[in-house]
Number of protein chains: 2
Amino acid sequence: MAITIKDIATALKISPSTVSRALNDHPNISEETKKVVAEKAKEMKYQTNFIAAGLRTKKSNSIGILVPHITSSFFASAIDGIQKIVTDQGYFTIICQSNEIYHNEVDQIKSLLSCKVEGVILSISSETNDYEHLETLEAYDTPFVLFDRVAPGFDMPTVEANDFTGGFQAVEHLIKRGRKRIAHLGGPGLLGISKRRYEGYLEALKTYAYEVNEDFVVFTNPDETHEDIIEDMFKDPKNSPDALFTFSDELAVEAILKLKKMGLNVPRDVSVVGFGNSNLCEIVEPHLTSVTHEPIEMGEAAAELLFKVIQKRHIPPHLRNRKFDSRVIIRDSSR
Amino acid sequence: MAITIKDIATALKISPSTVSRALNDHPNISEETKKVVAEKAKEMKYQTNFIAAGLRTKKSNSIGILVPHITSSFFASAIDGIQKIVTDQGYFTIICQSNEIYHNEVDQIKSLLSCKVEGVILSISSETNDYEHLETLEAYDTPFVLFDRVAPGFDMPTVEANDFTGGFQAVEHLIKRGRKRIAHLGGPGLLGISKRRYEGYLEALKTYAYEVNEDFVVFTNPDETHEDIIEDMFKDPKNSPDALFTFSDELAVEAILKLKKMGLNVPRDVSVVGFGNSNLCEIVEPHLTSVTHEPIEMGEAAAELLFKVIQKRHIPPHLRNRKFDSRVIIRDSSR
DNA sequence: CTGAAAGCGCTTACAG
DNA sequence: CTGAAAGCGCTTACAG
C-alpha cells in the first residue's frame, strides 16, 4: 500500500491536519514541525496523492490537449511548446487525438470533462462542422483555447496563424519571381485554415491583376495520396501551371516528387512553395521554400492564454485572439 | 457547479447509492430504475467524476507514458499505437517527456506516481545510467513496461526491437552489394540500442571476415548536427569508407546531404543504410535504404503487455520480453 | 430491489 | 501553533 498522510501522522504521533499543513508549507506551522514532517515523509517515501487532493480542492492540476493527430510534426511540436508552460505551472497534460474524426472529438471532450481537467486546448478535426461540443465545454465552465484550427464565428479565445497573409505572401513571392500560372493545392475544404490560405492566394492574384483559373485550384483530403491530382494538373505541358502553392509541406513534398517523376524540373518548369517550414524543407530536393508556421511559440501562447482564462485574469482583446504572422523562407524550390 | 450523483438522487427522490448502481449497470437494480436514472442523467448532462470514482475504487483508469521526446516520429507513432489499445480499455494516458535529461525522467516518474497511474510505459533517456527510479516504481507496486530503450540487466517486462540482428542485416546487405569499407555512425553511447546495433555491425564484419577499422566507427549525441564527423570520416578519398550504416534515418539523411555537398555520389561512391524506415526514406534523394522499426506495432505490444501485468494475468516468458525482428527495405541509397 | 453508512486520501474552516 | 471534524463525489459491504 502507498504511504498516506495518516501513516506519517501516526508515525510522528501528531494529527493528519498538521502533517498536511506542514507538507504544504502553511504559515501557522512551526519550522520545527515542518522539518520533522519533511524528513519523515522522505524517509517513508511519501508521494502526495494528487487525485485525492484534487477532489478536495476541486483543482485537478491537469489540462487536456485534443489534436487531430500527434504524429503530425506541427502538432507534436505544438504539444512540446504547450507542455513547457504547463509543466512550469505544476500542471500535467492529458493528450487525446481525434484522428480527424468528429465523433472521436466529441467523445474525447467528454472524457476530458470526466477527468475534470481545468482547461482544454483544442484543434478541431477536418470533419468538424458542428460545434455543440464547444458549447458543452462552456456549459461545464471548462475554459478552453482553440488552437490553429479554430471554429468559425464564435467568440472564443484563439491562437492561430495568420493564414490569409501567409497565403498572400507565398503567392506574392511566386509572382515576383515572374511566375504567371500559379496553382493551389489546398487543404481539407471544411477547415478555416484551408479557406484562408486559399483566400490569401486569391487576394494576391487579384492584387497583381492575375486571372483566376479554376482548374488550378484543388482541395485535398488528409490521409490520402494526391499523385493523380498532381498528374492531372500538370499533364498538359502547354497549359499547365508554372508554380504551385500548397496547403502544407507534406503536400509540397508529394508534389515535388511526383513532378520530378513526370520529368518536370523544379523550380525551372514549376516553382513550389509549401506551408509549415518543417524539417522536410531541407531534406527534399530541391530544398523547399515554405511559409513559417511556428508550432512551439503558438503552443506556448495557447498554454499561457489558457492559464489566464483559468485564473480569470483580465485578457486584453489583442491577446484573446492571437494571430501569428508568417514569412516566406526562400529555398531552391522557387529560386 | 457540475452535476453529481446526489443531484440526480434528489431530483428523482431516490438514494445516491441506487443512482450509482443504476449508472454502473449493477445486476440488482430494476430495469425500470435504470431507465429512469439514465434519462435523468442525460437530461441533467451528468458526467461521472472519474477522479472521485478513482479515489474510491483505487483505480485511476490512467496509464503514464514517458518518452525522450514526443516530436520524434518513432515515439509519436509509438504513442499512437499505445493509445489505440489504451483507449479501447477505457483508460486515458498521461504523456511526459524527459527531453533526454535524466533528472526530468526521475521527476516525471514521481509525478506519474502522484497521479496514481496504474502503469507506466517508459523509454529511457540517452543520459540514463542509474536505474533507481525503476526501483521506485517497483516499490510503489506500479507496473511498467520498458519500451524500445530498455534498461540493461534488469528482469523487467520489455518490448524492444531486435537491434542486433537489425544492425547485422544492414551491414550484411552492404557486404553482399560488394562494399568493402563499411563505416558506422552510431547513436548515443550509453544506450543499449546503440550498443546492440553496433554489435550487429561488428558481427556482420566478423562473419564475412572483414577487418574492423576503428576510425570508421563514431558514436553521436542527440540534438547535435554531425557535419564535422561526416566530413572527417570522408575527407580522404583514398581511405574513406564506401558504405555507411547509421543509427537512425535522421543521421542517414544528414549524411546523405553532407556527402552530396562534398561532391560524393550516393550510392556510387558511398552506399548509405539508415535505421527506422521512417517517412524520410522516400523524401530524401536518393531514397534511403533502411532497417524497419515498427513503432505502432511495438506501441500496441507494449500497451497489451502492460495491461496483462496490471491485471496480473499469466505472461508466458516469450511475451514478457518481446523482440520485434527487423528487415532491410532496399531503396536507391544502396543499389 | 433499495437505502444508510462508511471510507478512499486529502484540505480547511472552526475551535482551542 | 495544533487537532477534531466535515466534506470533495464517488462505491460498496451491510442490512432490510
Side-chain angles (χ1 to χ4, degrees), chain A residues 1-38 40-41 44-62 90 111 113-118 140-142, chain B residues 1-38 40-41 44-62 90 111 113-118 140-142:
Chain A
M1 256 341 294
I3 303 298
T4 71
I5 254 182
K6 224 169 135 187
D7 297 322
I8 300 179
T10 43
L12 252 31
K13 299 201 204 312
I14 56 177
S15 79
S17 326
T18 304
V19 174
S20 169
R21 279 187 278 243
L23 254 14
N24 290 307
D25 204 21
H26 188 98
N28 279 357
I29 298 289
S30 73
E31 286 309 316
E32 174 59 16
T33 309
K34 281 182 190 168
K35 215 187 84 195
V36 174
V37 169
K40 200 65 176 178
M44 298 177 81
K45 294 186 182 235
Y46 171 75
Q47 300 271 8
T48 315
N49 183 330
F50 278 167
I51 303 286
L55 181 62
R56 173 60 227 242
T57 58
K58 305 208 158 222
K59 277 187 84 303
S60 64
N61 276 280
S62 63
S111 46
L113 245 16
S114 276
C115 291
K116 301 291 161 189
V117 294
E118 293 180 36
Y140 285 88
D141 286 323
T142 303
Chain B
M1 256 342 295
I3 302 301
T4 70
I5 255 182
K6 223 170 137 186
D7 298 323
I8 300 180
T10 43
L12 251 32
K13 298 199 206 310
I14 57 177
S15 79
S17 326
T18 303
V19 174
S20 169
R21 280 188 277 245
L23 253 16
N24 290 306
D25 204 20
H26 188 97
N28 278 357
I29 298 289
S30 73
E31 285 310 315
E32 175 60 17
T33 309
K34 282 182 188 169
K35 214 187 86 198
V36 175
V37 170
K40 201 65 176 178
M44 298 175 82
K45 294 186 184 236
Y46 170 76
Q47 300 270 8
T48 314
N49 183 331
F50 279 167
I51 303 286
L55 181 61
R56 174 61 227 242
T57 58
K58 305 209 156 220
K59 278 188 85 300
S60 64
N61 276 281
S62 62
S111 46
L113 244 17
S114 275
C115 291
K116 301 292 163 190
V117 293
E118 294 180 37
Y140 285 88
D141 286 322
T142 304

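The structure presented is a predicted model; accordingly, all values stated were derived computationally and were not measured. Residue numbers start from 1 in every chain, and the chains themselves are labelled A, B, ... in the order their sequence lines are given, proteins ahead of strands.
- Considering CG of A:L113 and CD of B:Q47, their distance stands at 5.0 Å, rounded to 0.5 Å.
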Yes or no on side-chain contact (heavy atoms from CB on, under 4.5 Å) for B:V37 and B:I14, after CA distance, side-chain angles and deciding distance? CA-CA 10 Å; B:V37 170; B:I14 57 177; 3.9 Å; yes
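- The side chain of B:K58 places an N or O atom within less than 4.0 Å of a non-bridging phosphate oxygen (OP1 or OP2) of C:dG9.
- Among the heavy atoms of the strands, none lies under 4.0 Å from B:I51.
- Checked by atom type and distance alone, the side chain of A:S20 never pairs as donor or acceptor with a backbone atom of A:P16 at under 3.5 Å.
- With contacts defined as side-chain heavy-atom distances shorter than 4.5 Å, the pair A:L23/A:T48 does not qualify.
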For every nucleotide of nucleotides 10-16 of chain C, 5' to 3': is a protein heavy atom under 4.0 Å from its base (B), only from its sugar-phosphate (S), or from neither (-)? BBBB---
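- Taking atom CG of residue B:L12 and atom C1' of nucleotide C:dG3, one finds them 15 Å apart after rounding to whole Å.
- As a whole-Å value, the separation of A:L55 CG from D:dA6 P is 18 Å.
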Once pairs are restricted to Watson-Crick or G-U wobble with both distances under 3.5 Å, how does DNA chain C read as a dot-bracket string, [ ] for crossings and | for other-strand pairs? |||.||||||||.|||
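- Although no hydrogens or angles enter the test, the distance criterion places a donor-acceptor pair under 3.5 Å between the side chain of B:K34 and the main chain of B:H26.
- Between A:Y46 and A:I3, the shortest heavy-atom distance links the atoms CD1-O, 3.4 Å.
- When all heavy atoms are compared, the tightest approach of B:N61 to B:G90 is OD1-O, 3.7 Å.
- Of all heavy-atom pairs spanning B:A11 and B:M44, the tightest one is CB-SD, 4.2 Å.
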